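Note sheet for the following structure.
Bear in mind that the values here come from a model prediction, so they are computed numbers and not experimental data.
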Amino acid sequence: MKLKLTIAILVVLTALRADAQKTFGVNEKLTYEAYYAFVTGAKMTLETKSATILGKEYINIKAYGYTIGLVDKIYKIKEEYQTWADPSNNYLPAKAFENVHEGSSYSRYISLQFNHDNNTVVSSKSGSHNVEPNCYDIVSAAYKLRTTDMTKLTPGQTIRIETFFGEEPWPLVVAYKKTETIKVGKLGKIKCYEFVPVVEVSGTFSSKDALHIWISADENKIPVRAQMDLMVGSCKVDLVGYENLANDFSSRIK
């Protein structure tokens, strides 16, 4: 199981709207568990904090995941993604990094510096890249995604955000499918918006609509579930805990 897939998926859907004070708490913490073939294989957390860099205020978002149990014994993975987003400039990222450890010998650390004046991204691994205007990393892309008024989406409508991910420009495209109520473990029933990210069929995904994501249909708009149909088996990531939400979790049906 590739934990980086689940982290990337969740990160894409965890962010602020334009008015952070009404939608998102700076100290919010979301906790998830990943299941592969009915086995709990990983835990993930998504946290936000305030940060000051050279006298300027940013919002620091951290996504952290690690394998547990049998999966951890077979193939240990730890991954961390962080970004520093500028609330005074549409939450565009100033810098970001990923720190990955897989198995007993593989590790990767990549830092990114964003220059929005000349539309470039400088990677510590591959150097300078030209990108589209208003380019986000995979973490801060969620800020842009969540500015969408999801109540006005129609089935099949897509949202596109320019990002830099995997050492290259990568347009993130998600399609709204429907609004439905799903049961999520001990949290019970939650009303959600369902999205289908547009992915390429490869050695990982079984089809173009193999990935589905559910976001709470309330002012918090937190990711509730991600489900992936892989070439071998399937993987599901569920929300199991939350702290310091900015608004009442009104889509949760108690």
Side-chain angles (χ1 to χ4, degrees), residues 6-35 40 42-49 59 61-65 85 87 91 138-159 161 172-198 209-229 234-254:
T6 58
I7 290 179
I9 291 161
L10 288 170
V11 163
V12 164
L13 294 165
T14 306
L16 304 177
R17 289 181 58 189
D19 189 346
Q21 295 302 314
K22 293 182 179 180
T23 309
F24 192 84
V26 170
N27 293 313
E28 182 181 273
K29 181 178 180 180
L30 305 174
T31 306
Y32 299 85
E33 289 185 350
Y35 309 94
T40 304
K43 289 183 178 293
M44 284 159 277
T45 58
L46 299 167
E47 301 179 74
T48 62
K49 297 189 180 297
I59 294 175
I61 304 178
K62 176 182 177 181
Y64 180 69
Y91 300 101
I138 196 63
V139 177
S140 59
Y143 288 98
K144 180 62 176 178
L145 181 63
R146 298 278 297 272
T147 63
T148 303
D149 183 353
M150 297 180 182
T151 63
K152 297 180 180 180
L153 294 175
T154 57
Q157 185 174 347
T158 61
I159 305 168
I161 305 172
L172 167 67
V173 181
V174 295
Y176 169 70
K177 187 174 182 181
K178 63 179 182 293
T179 300
E180 65 175 350
T181 299
I182 62 175
K183 186 175 181 180
V184 184
K186 294 181 180 180
L187 295 180
K189 296 180 179 180
I190 303 175
K191 185 178 180 181
C192 298
Y193 303 112
E194 182 183 359
F195 289 87
V196 180
V198 179
D209 60 351
L211 175 58
H212 292 250
I213 299 168
W214 288 262
I215 303 174
S216 64
D218 54 27
E219 285 300 313
N220 297 299
K221 296 183 182 177
I222 58 177
V224 170
R225 169 176 291 167
Q227 186 167 312
M228 294 153 280
D229 295 325
S234 62
C235 178
K236 182 174 71 172
V237 182
D238 271 359
L239 177 72
V240 296
Y242 53 90
E243 299 175 23
N244 301 321
L245 298 183
N247 304 283
D248 181 51
F249 199 171
S250 60
S251 64
R252 182 182 176 189
I253 303 172
K254 300 179 181 180

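With rounding to the nearest 0.5 Å, the separation of NZ in Lys152 from OH in Tyr176 is 14.5 Å. Atoms CD1 and OG1, from Ile215 and Thr179 in turn, are 10.5 Å apart once rounded to the nearest 0.5 Å. For the atom pair CD1 of Ile59 and NZ of Lys49, the computed distance is 13.0 Å after rounding to the nearest 0.5 Å. A distance of 8.5 Å separates CG in Leu46 from CD in Glu28, rounded to the nearest 0.5 Å. The line from NZ of Lys221 to CG of Asn247 is 10.5 Å long, rounded to the nearest 0.5 Å. For the atom pair Ile182 CD1 and Glu180 CD, the distance stands at 6.5 Å (nearest 0.5 Å).
No side-chain heavy atom of Ile61 sits under 4.5 Å from any side-chain heavy atom of Tyr91. Between Tyr242 and Leu187 there is a side-chain heavy-atom pair separated by less than 4.5 Å. Side-chain contact between Ile159 and Phe195: present, with at least one pair of heavy atoms (C-beta onward) separated by less than 4.5 Å. Within the 4.5 Å cutoff, the side chain of Tyr193 has heavy atoms near those of the Thr151 side chain. Looking only at side-chain heavy atoms (C-beta outward), Glu219 and Asp248 stay at 4.5 Å or farther from each other.
For Pro197 against Leu211, the heavy-atom pair with the smallest separation is CD-O, 3.4 Å. Here the shortest heavy-atom pairing between Asn244 and Asn27 reads ND2-O, 3.1 Å. Looking at every heavy atom in both residues, Gly241 comes nearest to Leu239 through O-CD1, 3.3 Å.
More than 12 heavy atoms of other residues, nucleotides or ligands lie within 6.0 Å of NZ in Lys178, so this atom counts as buried by the packing criterion.
Between the side chain of Arg225 and the backbone N or O of Lys183 there is at least one donor-acceptor pair closer than 3.5 Å. Between the side chain of Tyr32 and the backbone N or O of Pro223 there is at least one donor-acceptor pair closer than 3.5 Å.
Salt bridge status for Lys62 with Glu47: absent, with no side-chain N to carboxylate O gap under 4.0 Å.
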* To do: Check step by step if side-chain contact (heavy atoms from CB on, under 4.5 Å) holds for Thr45 and Lys29.
  => CA-CA 7 Å; Thr45 58; Lys29 181 178 180 180; 4.1 Å; yes

* To do: Take Leu30 and Leu245, measure what side-chain contact (heavy atoms from CB on, under 4.5 Å) needs, and give me the verdict at the end.
  => CA-CA 9 Å; Leu30 305 174; Leu245 298 183; 4.1 Å; yes

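Side-chain atoms of Ser216 and Asp218 form a donor-acceptor pair, as typed in the model, at a separation below 3.5 Å.
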